[in-house]
Amino acid sequence: MKNYPIPFTLFLSLLLVVPSATQKYACDKSDSQTSQFPFCDTSLSYQDRAIDLVSRLTIQEKVQQLISGSKGISRLGVPSYEWWSEALHGVSNLGPGTRFNATIPGATSFPAVILSAATFNASLWYKMGQVVSTEARAMYNAGLAGLTFWSPNVNLFRDPRWGRGQETPGEDPLVVSKYGVNYVRGLQEVSEEGSASGDDRLKVSTCCKHYTAYDIDNWKGVDRFHFDAKVTKQDLEDTYQPPFKSCVQEGHVSSVMCSYNRVNGIPTCADPDLLKGVVRDQWGLDGYIVSDCDSVQVYYESIHYTATPEDAVALALEAGLNMNCGDYLGRYTENAVNLKKVDESVVDQALIYNYIVLLRLGFFDGNPKSQLFGNLGPADVCTDEHKALALDAAKQGIVLLDNRGVLPLSQKSTKSLAVIGPNANATTVMISNYAGIPCSYTSPLEGLKKYVQSVEYAPGCSNIKCKNESLIEAATKAAAAADTTVVVVGLDQSIEAEGLDRENLTLPGFQEKLVKQVANSSSGIVILVVMSAGPIDISFAKNLTKIGGILWVGYPGQAGGDAIAQVIFGDYNPGGRTPFTWYPEEYVDNVPMSDMNMRANTSSNFPGRTYRFYNGKSIYAFGHGLSYSTFSKFIVSAPTTILIQPSATSKQHSILSQDSIHPKDLYSGEAIDISTINCQNLTFDLVVAVRNTGPRDGSHVVLVFLKPASSKDLSGAPNVQLIGFERVEVKKGKTENVTVNLDVCKELNLVDSEGNRKLVTGQHTLVIGSPSERQVRHRLNLRLANNTTETAYLSF
């Protein structure tokens, strides 16, 4: 979305305004003139109520309800409504639908999504969503927020330079999908049973964005408004689309946002195949499709995709767009209808989709105070429980990258501490982007002071860009005088941000020199803390013998300082895993950010992207993360053979596209189209035992990768593919069994060059563990039934 800066004096005036006691609402039962309309009748279906409301509107009124700042219809008792609010990792005041003031001055600010993703803890993501939606409802009741939140971002962190990688759950489609599903469900569901109970009411409405293949903002003059993402069918199906599909089909998200960019020549917000064809018809979206802010205007004015503004809005509406962030549809849709470029019935259908979401939120059910969640208020924001969860999320996400046996530090033996670096006293840096005003801050410096009485602080750089070295000398003196030094370096929004991609993977300015000189000057232990979203080439630090431990802390949210300190001093045993690959600097010298291809290509020296396809060396691999304890794993239960059958409408010979199959060929790597297989109940449990053999209680993330069978019929298979994960707490000396349920058709399939999903017969390998830990392997044979009498089974 575009940024709309607010002058500081205006911001202060807005902050201090005391709101009305409640939110404006429709269908006020005390108003006999408007409350008797059928759209206010809660005994009717949402569909019938929405149709009734739309039928009462003039075309002039209709077009003003297609925009994010909808005008309302006073004659019907329908107030204006601002659709744009944000809740990426806490309720944010970035969108105009939400603000803070003296009544509710702040909200719980969780870590940036990239760090929460590093927890690999789906239940935590769900709980975070629940907390954020509770605070959102409380703010709505106080007249400070809306009910429609355009979060989360489920784009993949495809390229390490992307400025918005901090908003995403990382580079893996499964992790991004599971994060999106759980965060959406936590936000939307009125109870933990949620959609499974048939309850389609919404606590708040969420939006999965930015659809699709959007992951470049501004790199060397290539910007998101003009960029045409050239994406293969294979990459689109197995990399870019899965998180959005999961959002819709498993998370039951109530909105999807189309992006600024084009995909293969067509603006996403004007593509009927992507919007109406896939999101609405194939996936079955129960909600509305919204544009990124002014994206319809962008494709008319910036790339001249249409001849007139009316053509632009008509194209978007016909493609399946229902809501415009901005006002372009409000300005030009009426004329487009009058010019017969779009039929008024298309406008009506868009409004019906929009209004059904508001109906599910209770917006047309009368006074919010008398509804579900009507009792929530200021006391339900920034509660001790919510703040504790924000701290826990940060601790669970922190990744111990390296440890030469010096971590955790001993509080008793640490007599003096030097805290150094441009992020050492960070506050606003920790809450990343799309943040609101947090409940409070604890900087790394403040967190570390709770453990050591004698602390010397020296920033070493005046800011993150560190363009001069004048402060390095003072930092080296502080390090020389202390028995332990913690150096906190990294990035911030001046380096990686929306609208700003990186051009390299190095520490900015003189930060590397700062680290080296501090390490050389120190006579004691040096701990390096990297505060950033994207990976940084810190291979130089790995080679400095004075550096005893390295932590990556992402942007850890409001409680980041406490989380960092508790990990460093051992009050919390780290268990986070990096959700992306740490590439060496030369990677970006050889790979244009604008190249959307995922798969390696030896003929063009393209090394591939992400752990799934990258064939080069990495500084830290996806899934890497150490602990203060040690863990061993072994497989308790897993099938050795899975027999698959054709679906009732498919015959075996048509599945294999051959007239006859010899039994010996049933293991030979045939690629079978998923649509021809009977996938019902074709699941199995992989049970893995995790033993804590170390000196401390700790958590361990079980990562399950698939190394697929080879097939002559399918090219471009991933090196390995994450197909499941679970995080488990294990007491020292104890063993816990972890069950990972796997769906054969969903998790074991591969995508061919035409974008079709296939199951490959033959020997697959399950690989448990990341490349940096001792992996456990299990061979799994996938076999097609010899005949119709041989039933599907799992052989253990």
Side-chain angles (χ1 to χ4, degrees), residues 160-161 163 401-402 416-430 443-449 452 454-497 500-555 560-561 564 568 582-586 588-589 619:
R161 292 162 287 192
L401 295 172
D402 272 303
S416 60
L417 181 67
V419 181
I420 290 167
N423 274 336
N425 200 26
T427 52
T428 56
V429 174
M430 296 192 302
S443 73
L445 175 63
E446 292 169 329
L448 291 165
K449 281 183 174 179
V452 184
S454 176
V455 176
E456 179 75 16
Y457 166 60
C461 302
S462 58
N463 55 38
I464 284 293
K465 292 186 176 180
C466 200
K467 289 188 174 181
N468 70 74
E469 49 188 314
S470 60
L471 300 179
I472 293 179
E473 184 179 357
T476 60
K477 289 180 179 179
D483 56 34
T484 304
T485 300
V486 175
V487 186
V488 190
V489 296
L491 311 174
D492 67 6
Q493 301 301 304
S494 70
I495 304 295
E496 53 178 359
L500 179 63
D501 301 319
R502 289 191 286 164
E503 293 188 9
N504 59 58
L505 299 182
T506 57
L507 284 170
F510 288 101
Q511 283 196 49
E512 181 174 327
K513 184 174 183 178
L514 170 67
V515 173
K516 288 179 176 178
Q517 293 201 4
V518 164
N520 290 334
S521 300
S522 173
S523 56
I525 297 169
V526 178
I527 305 301
L528 181 66
V529 177
V530 180
M531 186 181 292
S532 70
I536 299 170
D537 186 342
I538 54 170
S539 50
F540 77 92
K542 287 167 62 74
N543 296 325
L544 292 174
T545 56
K546 287 284 192 73
I547 293 181
I550 304 176
L551 295 168
W552 174 73
V553 301
Y555 294 125
I564 292 166
I568 287 176
W582 292 63
Y583 302 94
E585 166 61 16
E586 56 265 25
V588 299
D589 296 333
I619 298 169

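- Taking each heavy atom of S494 and D492 in turn, the nearest pair found is OG-OD1, 2.5 Å.
- Scanning all heavy atoms of the two residues, the minimum distance from K546 to N520 falls at NZ-O, 3.5 Å.
- Put simply, the side chain of V515 reaches to within 4.5 Å of the side chain of I547, judged on heavy atoms.
- Rounding to the nearest 0.5 Å gives a distance of 11.5 Å between CD1 of I420 and CG of L471.
- To the nearest 0.5 Å, atom CG of residue L528 and atom CZ of residue F540 are 6.5 Å apart.
- At least one side-chain heavy atom of S532 sits under 4.5 Å from a side-chain heavy atom of W552.
- The closest donor-acceptor contact from the side chain of D537 to the backbone of Y583 lies at 3.5 Å or more, if one exists at all.
- Across every non-hydrogen atom of I619 and P584, the tightest pair is CD1-CA, 3.9 Å.
- The distance from atom CG of L448 to atom OG1 of T484, rounded to the nearest 0.5 Å, is 10.5 Å.
- Without hydrogens or angle criteria, D501 side chain to G163 main chain gives a donor-acceptor distance under 3.5 Å.
- Residues N423 and P444 fail the side-chain proximity criterion, which asks for heavy atoms closer than 4.5 Å.
- Taken from CG in N504 to CD1 in I495, the straight-line distance is 8.5 Å, to the nearest 0.5 Å.
- Between L551 and the options V530, V488, V486, I568, a side chain to side chain contact (heavy atoms under 4.5 Å, CB included) holds for only I568.
- Side chain of E585 to backbone of L505: a donor-acceptor contact under 3.5 angstrom is found.
- Side-chain contact check for Q511 versus I464: some heavy-atom pair is nearer than 4.5 Å.
- Listed here is the closest heavy atom pair of P508 and G490: CD-O, 3.6 Å.
- Without hydrogens or angle criteria, E496 side chain to A533 main chain gives a donor-acceptor distance under 3.5 Å.
- With a 4.5 Å cut-off on side-chain heavy atoms, C461 and L514 count as touching.
- For the pair V518 and T485, the minimum side-chain heavy-atom distance is below 4.5 Å.
- Other residues, nucleotides and ligands contribute only 12 or fewer heavy atoms inside 6.0 Å of the CD atom of E456.
- S522 places no side-chain N or O within 3.5 Å of a backbone atom of A519 that could act as its donor or acceptor partner.
- Interatomic distance, CE of M430 versus OG of S443, reported as 6.5 Å (0.5 Å rounding).
- Under the side chain to side chain contact (heavy atoms under 4.5 Å, CB included) test applied with K449, the options V455, V419, L417 reduce to a single match, V455.
- Contact annotation: the side chain of F510 never approaches that of K467 to less than 4.5 Å [non-hydrogen atoms, C-beta and beyond].
- Across every non-hydrogen atom of A478 and A458, the tightest pair is CB-CB, 4.3 Å.
- Atom CD of E512 sits about 11.5 Å away from atom SG of C466, to the nearest 0.5 Å.
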Quiz item: Would R502 and V588 count as a side chain to side chain contact (heavy atoms under 4.5 Å, CB included) if you check the C-alpha gap in whole Å, the side-chain angles of each, and the deciding distance to 0.1 Å?
Solution: CA-CA 10 Å; R502 289 191 286 164; V588 299; over 6 Å; no
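- The two residues A480 and S523 come nearest to each other via the heavy atoms O-OG, 3.8 Å.
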